[in-house]
Amino acid sequence: MGGEEALPGTAPWQVQIYTTYQYTDADTAADCRPGGACFHLARMYPWERTHRCGGVYIGGNLVLTAAHCVAGVANFGQARRVRIGTQSIKQGGVTFRIADWRMHEGYIGRLPYPNDIALLRIVADNPAARAFRLERARIRMLGTAPGDTPIDRGDTLWVTGWGRTLKRDADAGVLVDGAFNHMSEKLLQIFQSPSNTACAKLADYRDRDPAKTICAVSARPGVDSCQGDSGGPVTRSEGRERVLVGLVSWGKGCGVQGMPSLYTSVPGHLPWIAASRAALLATAGGGRP
């Protein structure tokens, strides 16, 4: 929310994770009935119904995302697919099958959501995906090259995603003063800065592991990541390149004054990423796509 449109080509590593379920007219008719769940399907755009999470391509047919994007999804590999190569989730890009995945064994689905990270192995299962130059889209992870500098409070962090665009109070639904809180069709970006002190002031954030998470704030009010951005990339400039420093994890509402955003630290999970990568490649028979 409060973001600006990301220019084409500035975030080629951005991935969308979407559901393969095809919603029907019967689903819409059954939605919001008394005593039942209410997803407001009738208010959603078709592409908005299927969008689930963001992700980031790190090379070698591997995608990083948040663990909470994977947890609780039955038959995840069949229930989800990956799209890459587009600024718009309404159209464009190419899609890949999720062949295998690993969710951090230390992830806990409650505050402060520790180890909110998962690794996916994707496979080109259609002509467009096989022709796509996937490795051109990869981003390097911070901490994987000599000379990388640690994240500092003076850094500018880029956060990109297709998430909801209106302010959302903690524990609120998708309606904001009666208006539906739509996601963005176009890829948006915001800028934030690390701030350990912002998290230290709040009880819900104090139990986080600062070595494995990034606490960040926006210089302008009403600028924040939100639902739908989860799992997407947080990047920083390192010399002339952009490097991956984090993944969108969680926050108390979206754009709430005084509430920072919490991101999974990628440098803080490099050993887990390396071990999970090895496990995924071993089960793939050497990592052949």
Side-chain angles (χ1 to χ4, degrees), residues 3-4 6-7 9-15 17 53-60 62-69 84 104 106-107 112-120 137-163 187-200 205 208-219 223-226 229-251 260-277:
E4 60 188 43
L7 295 176
T10 56
W13 44 79
Q14 178 81 41
V15 159
I17 299 173
C53 280
V56 55
Y57 183 68
I58 60 170
L62 298 173
V63 168
L64 281 174
T65 190
H68 75 260
C69 293
I84 190 170
H104 199 294
Y107 169 70
Y113 297 98
N115 303 304
D116 192 10
I117 187 170
L119 186 65
L120 320 178
R138 69 178 291 273
I139 187 172
R140 185 175 69 80
M141 298 178 290
L142 181 68
T144 58
D148 279 354
T149 57
I151 299 166
D152 184 73
R153 64 180 181 178
D155 290 340
T156 296
L157 305 181
W158 304 49
V159 187
T160 50
W162 293 282
L187 187 67
L188 301 181
Q189 65 183 18
I190 64 168
F191 302 97
Q192 295 184 313
S193 298
S195 176
N196 287 327
T197 57
C199 278
Y205 292 75
R208 73 182 184 95
D209 183 346
K212 293 187 175 183
T213 56
I214 304 167
C215 184
V217 295
S218 301
V223 175
D224 201 358
S225 51
C226 200
D229 293 321
S230 293
V234 182
T235 64
R236 189 196 72 179
S237 294
E238 185 75 17
R240 295 183 177 181
E241 68 173 335
R242 292 254 297 280
V243 293
L244 181 67
V245 301
L247 305 170
V248 178
S249 182
W250 71 280
S261 303
L262 197 62
Y263 301 114
T264 301
S265 169
V266 168
H269 287 87
L270 286 178
W272 179 87
I273 294 170
S276 297
R277 177 184 183 275

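Since we're looking at a predicted model, the values are computed, not measured.
A heavy-atom distance below 4.5 Å is not found between the side chains of Ile58 and Val266. Between Ile117 and Ile273, some side-chain heavy-atom pair lies under the 4.5 Å cut-off. A heavy-atom distance below 4.5 Å is found between the side chains of Asp224 and Gln192. Between Val245 and Ile214 there is a side-chain heavy-atom pair separated by less than 4.5 Å. Contact annotation: the side chain of Leu188 never approaches that of Trp162 to less than 4.5 Å [non-hydrogen atoms, C-beta and beyond]. When side chains are defined from C-beta on, Thr235 counts as touching Trp13, because their heavy atoms get closer than 4.5 Å.
Summarising the geometry, atom CD1 belonging to Ile190 is positioned 6.0 Å from atom OG belonging to Ser261; distances are rounded to the nearest 0.5 Å. Atom CG of Asn115 and atom OG of Ser249 lie 10.0 Å apart (nearest 0.5 Å). Going from atom CD1 of Ile17 over to atom OG1 of Thr65 covers 3.5 Å, rounded to the nearest 0.5 Å.
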Check step by step if side chain to side chain donor-acceptor pair (under 3.5 Å) holds for Thr149 and Arg236. CA-CA 11 Å; Thr149 57; Arg236 189 196 72 179; 3.1 Å; yes
Show your working on side-chain contact (heavy atoms from CB on, under 4.5 Å) between Leu247 and Leu64 and close with a plain yes or no. CA-CA 8 Å; Leu247 305 170; Leu64 281 174; 4.2 Å; yes
Val63 vs Ile84, test: side-chain contact (heavy atoms from CB on, under 4.5 Å). Steps then yes/no. CA-CA 10 Å; Val63 168; Ile84 190 170; over 6 Å; no
Taking it one step at a time, do Thr160 and Gln189 satisfy side chain to side chain donor-acceptor pair (under 3.5 Å)? CA-CA 4 Å; Thr160 50; Gln189 65 183 18; over 6 Å; no
Please evaluate residues Phe191 and Glu4 with respect to the criterion side-chain contact (heavy atoms from CB on, under 4.5 Å), reporting the C-alpha separation (whole Å), side-chain torsions for both, the decisive distance (0.1 Å), and the verdict. CA-CA 10 Å; Phe191 302 97; Glu4 60 188 43; 3.8 Å; yes
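Cys215 approaches Pro260 most closely through the heavy-atom pair SG-CB, 3.6 Å. Here the closest heavy-atom approach between residue Gly163 and residue Asp229 is recorded as N-OD1, 2.7 Å. Scanning all heavy atoms of the two residues, the minimum distance from Gly251 to Tyr205 falls at CA-OH, 3.7 Å. In plain terms, the two heavy atoms of Ser225 and Tyr263 that are nearest each other are OG-OH, 3.1 Å. What you find for Met141 and Thr144 is that their closest heavy atoms are O-OG1, 2.6 Å. A pairwise comparison of heavy atoms in Val56 and Val15 identifies N-CB, 4.0 Å as the closest pair.
Although no hydrogens or angles enter the test, the distance criterion places no donor-acceptor pair under 3.5 Å between the side chain of Arg153 and the main chain of Thr197. Side chain of Asp152 to main chain of Gly154: a donor-acceptor pair is present (N/O by atom type, distance under 3.5 Å, no hydrogens or angles). For Ser237 (side chain) and Arg242 (main-chain N/O), no donor-acceptor pair under 3.5 Å exists by modelled atom type. The backbone N or O of Thr264 sits nowhere less than 3.5 Å from a side-chain atom of Asp116 that would complete a donor-acceptor pair. Remark: side-chain polar atoms of Thr213 are not paired, donor with acceptor, to backbone N or O of Arg208 under 3.5 angstrom. Side-chain N or O atoms of Trp250 include none that pairs as donor or acceptor with a backbone N or O of Leu262 at under 3.5 Å.
Between His68 and Tyr113, the ring planes are tilted. Angles from 30° to 60° get that label. Ring-plane geometry between His104 and His269 is classed as perpendicular, the angle between the planes exceeding 60 degrees on a 0 to 90 degree scale with a lower cut at 30.
The environment of CZ in Arg277 is sparse: at most 12 heavy-atom neighbours from other residues, nucleotides or ligands sit within 6.0 Å.
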